[in-house]
Each structure stands twice: as C-alpha cells, then as structure tokens.
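Below is one structure, written out as structure tokens; comments come after it.
Each residue takes its place number in the sequence, starting with 1.
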Amino acid sequence: MPILRRLGMSMTVNSEPDDLTPLSPVVEVSVQAQPPPKGSSWLSSAFLVVNAALGAGLLNFPQAYHQAGGVVTAVAIQSVFLVFIVVAIFTLGYSSDKKQSTTYQDTVSAVCGTKAQNACAVSILLYCFGTCITFLIIIGDQWEEFFLFVDKTTYCNDSPFYMSRVFTIVVTSCVFILPMIFPRRIDFLKYASILGVIGILYVVGLVTIKYFLPHPAPGPIKTRPDNWIDVFLVVPDICFAYQCHVSIIPIYSCLENRNLKEFSKTVSLAMVLCVLTYTVTAALGYLMFGDRITSDILLSFDPDVPTLIAVILIAVKTYTTYPILLFCGRAAFDCLWIAVWKMTESEVQRNERKRRVVVSLLWFAITLVLAIFIPNIGVVIQVLGAFAAIFIFIFPGMCLLRLMMDSENQEQSWKMKSILYFACIFIVLGAFIFGLTLSQALMADLKTNGVKADKSSFTC
C-alpha cells in the first residue's frame with residue numbers, strides 16, 4: 001500500500017465468501033484517488049535538455065577551436081564525439097525504459113548492480129556539487145563585469161557594499177535560486193529553462209551580428225594543429241559543453257507520454273539547437289579574433305550595451321541552471337543516504353519531504369559559502385570536464401555492454417558482437433578521455449598556479 005499511495009493510485013478489494021473460504025471476512029481497502037502529476041511535453045522537455053547542456057562552456061568554445069588547430073579540425077572532432085554523445089543518451093533512455101528507473105544512478109543500478117550505482121552516485125554528487133560552486137562564482141564574475149561597465153571609477157576605488165562580490169552573490173542567489181531548489185520534480189524548471197535558452201540564443205546572435213559588422217582585423221588564424229596531440233585539447237570542452245546525461249533520465253521520466261518516440265523528438269531538437277549554438281558561436285568568434293581570443297568570448301569585445309546585456313543574460317542562464325544540477329546532486333545524495341542507513345520503502349517515503357528540504361538548504365548554503373571564499377575556479381572546471389567524460393562514456397558503455405550480455409535475442413550474433421565491441425570502445429574511450437583531461441588540467445594548473453586569466457577591458 002505505501003507504493004500505491006506514492007503513485008497516487010486507488011484500489012478497492014472486496015472479497016466475498018465462497019465455497020472454499022466460508023469464513024473469509026469482507027475486506028475493504030480504499031485509498032483516496034489522486035490524479036498523477038501531469039508531465040511535460042516533448043517540446044518543453046527539449047528546453048530542459050538544452051538548458052542543462054548549454055552553459056558557460058559556450059563562452060570558452062571559440063578558444064577551444066584555436067587550441068585544437070582551427071575551425072575545420074575542431075568541427076571534425078566535435079562531429080565524431082557527437083555520435084558517441086547521442087548514442088549514450090539513447091542508451092540511457094533505453095536502459096531507463098527496460099528498468100523503469102527515474103534517475104541516472106538508478107538506471108546504472110538496475111542494469112549494472114548496486115556497486116556501480118554507488119560509484120555513479122558518488123561521481124554525480126561530486127560533479128554536481130563542484131558545478132554548483134562554479135555557477136555561483138560565475139554569477140559573481142558577471143556582476144563584477146556589470147559594475148565595471150556601469151561605474152568603473154566607483155567600483156575600483158571605494159565601491160559601496162551593494163557592489164561587493166559577497167553581497168551580489170548572496171542576495172541574488174537567495175532571490176533567484178533559492179525558491180527553485182525545493183520541488184520534487186525536475187519539470188518544475190521548464191519555464192525557467194526557457195529564459196536560460198533565450199539568454200544563450202542572444203549570445204549567439206550577438207557574436208553573429210558583430211562578426212558581419214565592421215570589426216578590427218583578427219590575429220593569426222590556425223588552419224591545422226601545431227601538434228597532433230593538440231586535437232585533444234577541445235575534447236574536455238566538448239564533454240563539458242554537451243554533458244546533459246546526468247539530468248536526461250529525470251527529464252525523460254517527467255515526459256507526459258514517456259516513450260522512446262517522444263524522447264527521440266526531445267533529444268533531436270535539443271541536440272540540433274546545441275550543435276548550431278556551439279558551432280556558430282565558436283567558429284565566428286574565433287574567425288573574428290584569431291589568436292587574440294580570450295577564454296570568455298564576451299571579454300574579447302569592447303564593452304558596449306549589447307555586450308553588457310549578454311553578460312546579464314549569462315548570469316540569468318546560470319541562475320536557471322543551478323537548480324537542475326542541485327536536483328541531480330540531491331537525488332544522488334538520497335541514493336547514498338538510503339543505502340547507508342538501509343531504509344525501507346515506507347521510511348523513505350515518510351521522511352522524503354523533510355529530507356528534500358534539509359538537503360537542499362544545506363547544499364545551497366555550503367556551495368554559497370565556498371563560492372564566496374574561493375577566489376577563482378582555476379583547475380576545477382577542467383576536472384569537471386573529466387567527470388563529464390565518465391557520465392557520457394563509461395557508465396552508458398557499461399549499461400550497453402550489460403544489456404547486450406543479458407539479451408536473450410541471439411538470432412543475429414554478428415549484430416550483437418558489433419554492439420558489444422562498440423560498448424567496449426565506449427568504456428575504453430571514456431577512460432582515456434578522463435585520464436587525458438585530468439592530466440591536462442593538473443599540468444595547466446601547475447603552469448599558472450591556478451590564477452584566473454586577466455579580464456581584458458573589464459579590469460580596474
């Protein structure tokens with residue numbers, strides 16, 4: 001019965017006496033019927049996926065094109081990795097359907113077992129927690145750029161308290177983020193996600209228009225990589241940029257018509273928007289500035305009103321993405337908490353609301369404090385890119401491998417073997433990218449001592 005109450009179902013059992021059970025009593029069980037929550041359409045779900053995928057990685061993509069050896073090389077690498085990214089998404093969706101799971105870690109558990117689930121939950125927890133911290137730091141950076149543009153003299157000399165980094169991060173986060181972190185279902189954020197997507201599209205439009213308007217001549221533009229290993233420099237950015245896999249299962253579970261056909265429409269639209277957004281911004285941005293491109297494309301432009309609007313919209317985008325990552329991290333924490341305390345289903349449901357509120361508040365408070373006291377994100381983003389490779393390659397590869405090994409359909413053995421080999425390639429490639437990305441991040445941090453790059457014309 002706890003399961004029925006959780007699902008909002010109603011059941012009445014009326015057992016009449018018969019010849020075999022002459023003394024059987026009449027049993028009546030009635031549970032108040034509650035209409036199940038209406039899910040989201042495939043279109044609104046696509047905006048959730050886009051909002052989860054598109055983020056700060058967009059601003060760094062033009063520089064990644066430069067590091068990889070130019071537009072042609074970077075686009076070719078991106079196209080290859082997109083195949084794996086999309087296959088991983090549909091693998092997770094298929095696995096979720098087979099096991100009727102609603103979170104990433106539960107899908108891994110249902111297919112690969114409890115140990116894999118715990119490892120996955122820990123990875124998701126660390127990734128989401130670190131990403132939420134960087135989001136709050138980015139919010140502080142955006143407000144800093146805003147004040148430098150509006151009143152640079154006041155901000156650099158003796159700025160009032162309301163211009164301080166601590167004040168802007170704390171107050172704006174409490175106003176815009178805190179109300180959105182408590183809902184039980186992720187589709188609550190579908191309307192906020194539309195605002196985030198609009199902000200990203202504005203940045204794309206800004207870069208495109210400025211490219212076709214008169215602008216200074218660019219610096220030297222690469223047409224091939226300096227070294228063959230440079231082609232891998234764009235891989236962490238691709239993984240970080242297209243990483244929506246952690247939130248894809250919760251989004252899929254909230255579809256009004258949950259099936260792979262509706263899911264394919266959601267994923268197709270989301271990926272088309274992501275590819276167009278990233279490719280146009282990166283290609284035009286790099287061709288506009290050449291080797292003078294900065295790590296944040298907006299900082300390459302001379303400060304003006306359209307650029308300032310883009311800075312504000314990126315802050316808005318960050319406000320709307322933080323709750324999505326908190327939702328996924330909270331679900332991972334819930335998974336580990338239930339496993340550690342060996343809670344029964346009734347205990348899980350009885351304390352669910354209290355646990356959700358407490359965990360959300362603690363998560364928000366701790367990330368807020370860390371964002372205030374950490375001066376820069378340094379190597380953290382690169383490390384997060386390494387974790388993104390785990391979610392895109394390793395765990396989906398494990399799920400695909402296990403599903404094929406457990407399949408009872410052996411009529412086309414050559415097809416099964418091909419999929420098994422492909423799953424193995426998934427896992428090996430993910431391990432390679434994780435090691436490479438982590439090594440590159442540590443080496444870069446040792447060279448720069450973790451100091452954040454100068455902010456061009458947005459500095460005092």
Find out whether Pro218 and Phe289 are in side-chain contact, i.e. whether some heavy atom of one side chain is under 4.5 Å from a heavy atom of the other. no
If we check side chain to side chain donor-acceptor pair (under 3.5 Å) with Tyr252, which of these qualifies: Asp97, Thr107, Thr266? Asp97
State, yes or no, whether a side-chain contact exists between Glu145 and Leu308 at a heavy-atom distance under 4.5 Å. no
Residues passing the salt bridge (Lys or Arg N to Asp or Glu O under 4.0 Å) test with Lys98, sequence neighbours excluded, are none
How far does CG of Leu400 sit from CE of Met405, to the nearest 0.5 angstrom? 11.5 Å
Is any side-chain heavy atom of Leu326 less than 4.5 Å from a side-chain heavy atom of Cys128? no
Give the intermediate values and the outcome of side chain to side chain contact (heavy atoms under 4.5 Å, CB included) for residues Val359 and Trp337. CA-CA 11 Å; Val359 171; Trp337 183 267; over 6 Å; no
For side chain to side chain contact (heavy atoms under 4.5 Å, CB included), just list the numbers for Leu370 and Thr367, CA-CA rounded to whole Å, side-chain angles, deciding distance to a tenth of an Å, and then say yes or no. CA-CA 5 Å; Leu370 292 175; Thr367 55; 5.8 Å; no
With sequence neighbours excluded, what pairs up with Arg353 under the salt bridge (Lys or Arg N to Asp or Glu O under 4.0 Å) test? none
CZ of Arg224: more than 12 outside heavy atoms within 6.0 angstrom? no
Aromatic contact, His66 with Tyr286 (centres under 6.0 Å): yes
Return yes if some donor-acceptor pair links the side-chain N/O of Thr281 with the main-chain N/O of Tyr278 below 3.5 Å, else return no. no
Do Tyr319 and Phe176 have their ring centres less than 6.0 Å from each other? yes
What residues form a side-chain contact (heavy atoms from CB on, under 4.5 Å) with Val348, not counting sequence neighbours? Ile338, Met343, Arg355
Using the six-membered ring wherever Trp is involved, compare the ring planes of Tyr322 and Phe364 and label them parallel, tilted or perpendicular (cut-offs 30° and 60°). perpendicular
Do Met288 and Val207 have side chains that approach each other closer than 4.5 Å (heavy atoms only, starting at C-beta)? yes
OG1 on Thr294 to CZ on Phe301, rounded to 0.5 Å: 9.0 Å
Supply the atom-to-atom distance Leu195 CG to Thr320 OG1, rounded to the nearest 0.5 angstrom. 7.0 Å
Which residues pass the salt bridge (Lys or Arg N to Asp or Glu O under 4.0 Å) test with Asp106, sequence neighbours left out? none
I want to check something: taking the side chain as every heavy atom from C-beta on, are Ile427 and Phe393 in contact at a cut-off of under 4.5 Å? no
Expected output: side-chain Gln243 to main-chain His245 donor-acceptor under 3.5 Å: yes
Heavy-atom pair with the smallest gap, counting every atom of Ile297 and Gly285: CD1-CA, 4.0 Å
Taken to the nearest 0.5 Å, the spacing of Ile251 CD1 from Trp42 CH2 works out to 14.5 Å
Quick one about Ser41 and Ser44 (side-chain donor to acceptor, distance below 3.5 Å, no hydrogens or angles considered), yes or no? yes
Only counting residues at least two apart or in another chain, list the ones meeting salt bridge (Lys or Arg N to Asp or Glu O under 4.0 Å) with Arg330. none
Cys254 and Ser45: CA distance, side-chain angles, deciding distance, side chain to side chain contact (heavy atoms under 4.5 Å, CB included) verdict: CA-CA 8 Å; Cys254 291; Ser45 296; over 6 Å; no
Distance check, rounded to the nearest 0.5 Å: Cys274 atom SG versus Leu58 atom CG? 10.0 Å
Are Asp334 and Thr103 side-chain neighbours, meaning at least one heavy-atom pair lies under 4.5 Å? no
What's the separation between atom CD1 in Ile293 and atom CD in Gln63, rounded to the nearest 0.5 Å? 7.5 Å
Minimum-distance pair of heavy atoms, taken over all atoms of Val111 and Ser95: CG2-CB, 3.9 Å
Less than 4.0 angstrom from a charged side-chain N to a carboxylate O is my criterion; do Glu352 and Arg356 meet it? yes
Quiz question: by atom type and distance under 3.5 Å, do the side chains of Ser96 and Tyr104 form a donor-acceptor pair? no
Between Val49 and Val267, is there a side-chain heavy-atom distance shorter than 4.5 Å? no
Between Lys210 and Asp304, is a salt bridge (Lys or Arg N to Asp or Glu O under 4.0 Å) present by the stated rule, with each step listed? CA-CA 12 Å; Lys210 283 185 174 290; Asp304 55 19; 2.9 Å; yes
Side chain to side chain contact (heavy atoms under 4.5 Å, CB included) between Phe149 and Val311, worked out: CA-CA 10 Å; Phe149 177 84; Val311 167; over 6 Å; no
Closer than 3.5 angstrom, by distance alone: can the side chain of Arg292 be matched with the main-chain N or O of Ser300 as a donor-acceptor pair? no
Closest non-hydrogen atoms of Ala315 and Gln142, given as atom of the first, atom of the second and distance, are CB-CB, 3.9 Å
Distance-minimising heavy-atom pair for Gln117 and Cys335: NE2-SG, 3.2 Å
Considering all heavy atoms, the nearest Arg185-Phe327 contact: C-CE1, 3.9 Å
Please tell me if the side chains of Ile139 and Thr168 come closer than 4.5 Å, counting only heavy atoms from C-beta onward. no
Indicate the atoms forming the closest heavy-atom contact of Gly397 with Ala423, along with that distance. O-CB, 3.7 Å
N-O pairing of Lys222 and Asp291 below 4.0 Å: no
Check: residues 71-94 side-chain donor-acceptor pairs under 3.5 Å, at least two apart:
from	atom 1	to	atom 2	distance (Å)
Gln78	OE1	Tyr65	OH	2.9
Gln78	NE2	Tyr242	OH	2.8
Gln78	NE2	Thr279	OG1	3.1
Ser79	OG	Val75	O	2.8
Thr91	OG1	Val87	O	2.8

